Amino acid sequence: MEMLINITVNGLATGMLIFLLAAGLTLIFGLMDVLNFAHGALFLWGAYAGIWVYTSSGSFLIGIIAAIITCCILGYLLERFIVKPVYGNHIQQILITLGAMLVLSELVKVVWGPNIIHARAPEWLRGSWEIGDIFFIKYRIFIIFVGLLVFGSLLFLLNRTKLGLVVRAGVMDKEMVQALGINIRKVFLFVFILGAGMAGLGGMLFGPYSGVIYAEIGLEYGILAFIVVVIGGMGSVLGSMIAALMVGLLGSYAAYFLPEIALAVNFLLMLAILIFKPSGIMGMKEALK
Amino acid sequence: MSRLKQLSKFKLTLSVLTIGLLFLPFVTDSRSMLIMLTKIFIFAVFAMSYDLLLGYTGIVSFGHAMFFGIGAYTVAICLKAFGPSIPVLLLAVVITIIFTAIVSFLVGLLTLRLKAHFFAMLTLAVAALFLVAAEKWRSLTMGNDGFTFVIPEILRDRVTFYIVALVFMVIVFLFLERFTQSPMGRVLQAIRENEPRVESLGYRVMHYKITANVIAGVVAGLAGILYAMSLRFVNTAVFATELTLDALLITIIGGVGTLFGAIVGAALIEYARHGLMDLASVHWIFERWVILLGTVFILVVMFFPKGIVGTTQSWWVKRQMNKVNKLKPKPPAKNKNFTQDVG
Amino acid sequence: MDTILETKQLTIAFGGHVAVSEVNIEIERNTLKSIIGPNGAGKTTFFNMISGQLKPTKGQVFFKGKDITKMSPTQRTRLGIGRSFQITNVFPHLTCHENVRLAVQAQMKVFYNMFSHFSRLNEINEKASEYLKMVKLENKEKELAVNLAHGEKRKLEIAMLLALETEILLLDEPTAGMSLEEVPMILDVIRTIRDERKRTIVLIEHKMDMILDLSDSIMVLFHGKLLADGEPEEIMKNDQVQKAYLGGLQDDAS
Amino acid sequence: ACNSSDTGSKETSNENPPKTTTPAADEKKELEVVKIGLLTSVTGALEAYGAQTIKGFELGLEFATGGTMEVAGKRIEFIIEDTETQPDVAVQKATRLLEDHKVDFIVGSSSSGDTLAVLPLMEEYKKIMVVEPAVADSITGSNWNKYIFRTGRSSSQDAVAGAAAIAKPGVKIATLAQDFAFGRDGVAAFKKAAEALGAELMHEEFADPAGVDFSSNIQRIINAKPDYLFVIWAGANSPWGQLEDMRVQERGIKLSTGAPDIAALRTMEDMIGMEGFTVYHHSLPDNEVNDWLVAEHQKRHNGEMPDLFTPGGFASAMAIVAALEKTNGNLDTETLITAMEGMTFETPKGPMTFRPEDHQALQTMYAIRLERKDGFDYPVPVLLRALSPEESAPAIMNNR
Amino acid sequence: MTLLKVDNVHTYIQQYHILQGVSFEVKQGEVTVLLGRNGAGKTTTLRSIMGLNPITSGSITFKGETIGAWPTHKIANAGIGYVPEDQGIFGGLTVEENMKVAMKKKDDATLERMDWILDLFPDLKQFWKKNGGHLSGGQKQMLSIARAYINDNDMLLIDEPSKGLAPIIVEKVMDSINQMKDKTTVVLVEQNFMMASTIGDCFYIIDDGHSVHNGLMNELKHNEELKRQYLGIA
Ligand SMILES: Nc1ncnc2c1ncn2[C@@H]1O[C@H](COP(=O)(O)OP(=O)(O)OP(=O)(O)O)[C@@H](O)[C@H]1O
Ligand SMILES: Nc1ncnc2c1ncn2[C@@H]1O[C@H](COP(=O)(O)OP(=O)(O)OP(=O)(O)O)[C@@H](O)[C@H]1O
Ligand SMILES: [Mg+2]
Ligand SMILES: [Mg+2]
């Protein structure tokens, strides 16, 4: 029983972490329909810049803020110079954002060197609380907390304001939205920056979770983020959350109960969802044929 | 009329180029150049098979490497197990064709159920399962370390192998070119445009999509055979997503839906990689050649929005049209080269 | 009476909303039947169930006495049911000629020809050009369909339907958005087909003058139900039709 | 085997190396050149390892030739090629080295996959490859050919060393490794070695190499209650923090693993006190070569210390020079092979010997404990005992 | 007073010269109808005014300001509503959401207009939560018109509103335009001559990218010659 709780909490935390990495992509890819392969580079930069500021300033919070700001700036530059000319054209998006991905990942090595970098949780988030055989690793509880916070704010932003509607409408028919008096370019820019900032946050929090950061996390976890957004159902924040938690929990359970198939479990989950719920967990019917 | 001449001019250039390439090994003895060209040919084939899906049927796959990998492992395992002889190689080819056909048939069935992104993710998952299987079935595959094997005597010579790869590429190109221009190929393009409408014209969309999937899968499998043979080594990298991304990049850079673009794209990427890297001795900045490679991608999108071949074609056609009618230009005559949104 | 198409208790509901409700209708071979009814009455949905785009929740469709309810759109087209769409539905990035050619190719049953080059298939190409000429699009042959003006797309749509040469033609507002000058041309095309009496036409239109001119019979849908079915004069006299559908202006129509 | 400056190179095919004389016909008296291709990861995931090998190799050559870059009347040149950590690129680059540069030796590479892919070429071109630092057992095992020598240690050597550090009769050991070739090989070898020493292997745990969360794996280990947990880990993400978070050591399970390079040692704050083994840390060997390496490395690379794979690069250079000295500059491959089999040469880790059977260099490994030490901002491996080359010798696996 | 002035506008789409000198003036409070055969350039004219097809020469003045080079959203916010030819419904959004996206303000006047619109098109009320993409052709047309009505616009550009509408709804749309006349000026592209002639005050004929003829609607009604020449009405 205790074991089950431990595994579950850990799985939840991992799921939350994945959600944090994917949340920005839910906006950029799910909502704005931009196949942003540079998303991984964004959280990579968030991780490096954040951890760097954190280790040199000693303050974890300043590190987080630095990560978010860095990624917002990067997001701005990406949108303006890379993504803006290719809205609505997936093929061009793939190529140009992959190019940006290569450039940004390599730049990380230029700036911070090719070695892996150690990332440790701040003093106040180290260690764990224990109740008998149940233990809660502090940093993981922290991640769950931040994840919920981000989730809540996103839901608020998309459901209580016109923003979500306008973006979705803009993706369907950009001209019409403009003809209704909305400066869709600005809206897209804003949402993109928002998504980038969230990627920065995710990257920063990833560091202490895994203990190290290195230049390859961009591609490795970038793909995972895509998976989560798609199987969650394009553009559904709730879906991404559920998908991320499923990936986290299932990974955790499988590693414990079925270690032999642990490697394949993510993909089996994906197959199962796509076959039985072809439009993703929270997907709308349109995704179906 | 003049267009016909243009066309044959293009074909003539191609033939000359092919013959030139055929004789290349006899004028140069740089084997590393032959190896690079061989690799270009193999990847061109792989990318052409991808283009058949992406450019002509509008299917995005993130798991195309699975067919490539099946071919690579099949030939490697066969040659290792039964010895390096031509009959064994032929056996491997047959097994690859059968196996890739079955897998692509099954995967193709799912295209009916799933739309763009969802299908892409499904293929990603299936390919990843192949990767895991290759990793886990260590008695057969040696996992990600991989294993080396010996290829049949006559193919060991790099020149022979080069010519085989070149001929193979030309054959595949002609085959696919013909296929895409055929009535059946045109239906495929229509499916990419508007699938339900094709149905209501009385075509069985499923048959076409599956055919495209199977052809693309088998061709990719054959490319995988050549690839493994060129390395005489195989490991799990042949199932990696990066490989699919390579095919995707090559196709897009060359020009989606142009077939020939795949060849140009493969040459460009391969050349850019090595050319840039070799410049490292010229200036330290080229040690970070990956940055420049990324920049090349970005520039291609900016200056060749439809890929190199695609954009050149439209530019050419437009120029012809302007020549014909200066006052009020009529639209392009034949426009098979456009970048279509696949989403 | 020689019935070519028949529906029995044809019904479809979207969620709770019953869009077409228990419609029984028989359409006589080689006649022209019009369907009228207010917006949202279920006319297009009715077509969708005949041509197979939608599966009815209840009821059956018979074509030449055969139950085709479970057939796919493809099968129905091959049997001889062709349709045009209300919302223009063409292949946007193919040229007009290629659009029509796909229809001709289907009609000539060139389905799986993998290797002959298209330029060799002269007959198909020529036929496609003929149909384009028929709808006066010959000067747009090489234009991509996306680049057409709205009315031109409508004409292309019709050309594609004609090229299928099906026994029954389902026309969904063929002249919507077509200019005053072009409407008579389409009318002529439809009238010619009707007068040949070799094919059956089912027509959805809101242009009453046109309907009265062409129809052998008219059916009226109202809130998904069959309100009336009969000779044009009969229908025009029907009070309910007057009130629910026509309003007071049809007399002004030129 | 040709003139550095070109001209006659086409005639002198590499199969018939010219005898030591025949100086080039230039006005300057040029020495004959020995060319070495250094095939390594300059970019990609293993870039950091590649850099270590290169630095070590440069210094090794210099040390071996006393700074002259000449041996037995020949000048040594080397060319670096980047494998990008991709097997197909590795093959391409190796061919280029062999064909265009006509190198006499190849040294490399950083990844086992890259190295394995290159092995058949060496047989084809009949040139010697000194493998460094790729670890896969199959390089000197099933995929071996006689042109292959390895100065790097193999997975099995790691395992044997790891076992020697902790295995004793009555000790219960669990293993944690990543679920791929490196981990599986390593565990199998470790198991054999540790059981030979009388230990009981009671639990094997394999984790997703791409994972971030290993708590379930760790949980299972905790359940198994071993005395030791032996971890075999490669790659960037690591389980150390989670082992600490889950208080594995406090539950009486001692941790053991191979100490990695300095960048990764920094991530092992939580592992202070751990006993295990290492291939190299600059503070461990006590010999002149190492002293020179440490001093020179700092001088050249602004104060940086040699790292895990620096001595390997160094050793590969030493091996080649030693072989050339032994053949007196004769570049004939067969002669070289004969000379190198059983050859002992100096390295920063003390003498190494190429075992004649599989050409694996037997070398000293180190049993260590991680400790905090003044002057270091990371946990330092402190020597418990040097494991002699014989003690850490792996089984011969090439069925020769 | 002239509200909108289109002066010798030329528009290219890609390399095609679509508008080759279109000029017309719209007076406040009038309904101006653009007529012409298919492909004449009527839609392109409206799109050029909205800034959706940028003009290459000529000028467009609205309320005294030159808006020819403005971005679309700025033009819309200057007080122009647009009902596109293809309706421009956001298919994935519900009817309600479609209206919400369009709504610029949420004041009393807007809410009042909303009531009026829902009275006009009760179908919309009935399908308030339905996906725009699932509406019938005519319902889409109604929604598109409703979206343009919801804001307090000085001018409306309406492209073929009657297409696909049942006669009784056409009548309602005409009514609604008449009702708004005092506040809102309308530029209408219409093929339904009955509708055009009933509510139009003046007309312009566009042919082959040129504005070729204009006058008062009453004149056109009785000018058989003109009707035959440009409109094909015998
Ligand atoms: N994107 C485009 N590319 C090329 N040509 C175009 C494009 N859009 C429109 N055209 C052409 O411009 C001309 C005018 O089109 P427009 O849509 O303005 O006509 P219209 O008067 O509105 O016709 P309709 O009554 O059929 O709607 C047509 O000949 C059309 O083919
Ligand atoms: N796919 C669908 N999902 C939900 N409701 C639908 C769907 N298709 C049609 N409807 C509804 O069914 C009803 C009938 O629609 P239909 O398109 O058949 O009307 P119609 O008679 O063709 O009208 P119009 O003259 O406006 O084209 C409408 O209320 C419409 O909203
Ligand atoms: Mg309808
Ligand atoms: Mg128009």
Side-chain angles (χ1 to χ4, degrees), chain A residues 29-30 33-35 37-38 41 81-82 85-86 88-107 109-110 171 219 223 226-231 233-234 260-275 277-280 283 286-289, chain B residues 54-55 60 62 110-122 124-133 135-136 195-196 205 241-242 245 248-249 251-253 255-257 285 287-302 304-307 310 339-343:
Chain A
F29 173 52
D33 201 31
V34 174
L35 269 171
F37 276 86
F81 298 109
I82 299 291
V86 297
N89 187 326
H90 282 151
I91 286 179
Q92 294 180 357
Q93 284 165 9
I94 292 174
L95 184 55
I96 205 166
T97 58
L98 263 175
M101 171 81 188
L102 286 184
V103 172
L104 287 174
S105 307
E106 197 69 8
L107 273 178
K109 290 192 191 167
V110 174
V171 171
L219 193 59
I223 291 179
F226 268 103
I227 294 176
V228 164
V229 173
V230 172
I231 64 177
M234 297 281 294
E260 274 313 304
I261 64 149
L263 284 190
V265 76
N266 268 348
F267 305 111
L268 291 174
L269 169 74
M270 223 160 116
L271 272 186
I273 289 178
L274 289 175
I275 288 172
K277 188 91 176 50
S279 52
E286 276 76 73
L288 255 178
K289 293 228 164 133
Chain B
L54 181 65
V60 196
F62 280 158
L110 289 163
T111 52
L112 293 174
R113 248 175 96 71
L114 294 166
K115 265 197 180 169
H117 303 314
F118 300 93
F119 180 72
M121 285 299 143
L122 179 109
L124 180 78
V126 176
L129 288 177
F130 272 99
L131 179 71
V132 172
E135 182 62 69
K136 287 258 167 186
E195 189 174 324
V205 167
T241 311
E242 282 85 348
L245 286 184
L248 186 60
L249 284 178
T251 312
I252 299 177
I253 286 187
V256 172
I285 198 159
E287 272 169 28
R288 291 292 162 196
W289 59 271
V290 177
I291 297 183
L292 297 176
L293 186 66
T295 315
V296 168
F297 293 175
I298 295 172
L299 293 179
V300 165
V301 175
M302 305 221 159
F304 296 91
K306 296 176 183 173
T339 341
Q340 209 252 325
D341 186 6
V342 293

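As the structure is a computational prediction, the values presented were derived from the model and not from experiment.
For B:Phe62, the part sitting under 4.5 Å from any heavy atom of chain A is the side chain, from C-beta outward, and nothing else. With a 4.5 Å cut-off on non-hydrogen atoms, A:Val229 does not touch chain B at all. Only the side chain of B:Thr241 comes within contact range of chain A, judged by heavy atoms closer than 4.5 Å. Of the two parts of A:Phe226, the backbone and the side chain both hold a non-hydrogen atom closer than 4.5 Å to a non-hydrogen atom of chain B. Interface remark: A:Ile231 contributes no atoms to any contact with chain B (heavy atom separation under 4.5 Å). With a 4.5 angstrom heavy-atom cutoff, A:Glu260 touches chain B via backbone and side-chain atoms both. Proximity to chain A (any heavy atom under 4.5 Å) is shown, for B:Val296, by neither the backbone nor the side chain. A:Ile261 does not touch chain B: none of its heavy atoms, backbone or side chain, sits under 4.5 Å away. In this structure, chain A has no heavy atom under 4.5 Å from any part of B:Leu131.
Contact tally against chain A (heavy-atom pairs below 4.5 Å) for B:Glu242, B:Glu135, B:Lys136: the top residue is B:Lys136.
Between A:Phe37 and B:Leu245, the closest side-chain pair of non-hydrogen atoms falls below 4.5 Å.
Not a single ring pair (Phe, Tyr, Trp, His ring centres under 6.0 Å) links B:Phe297 to another residue, sequence neighbours left out.
The two atoms that bring A:Met270 and B:Ala125 nearest to each other are CE-CB, 3.7 Å, heavy atoms only.
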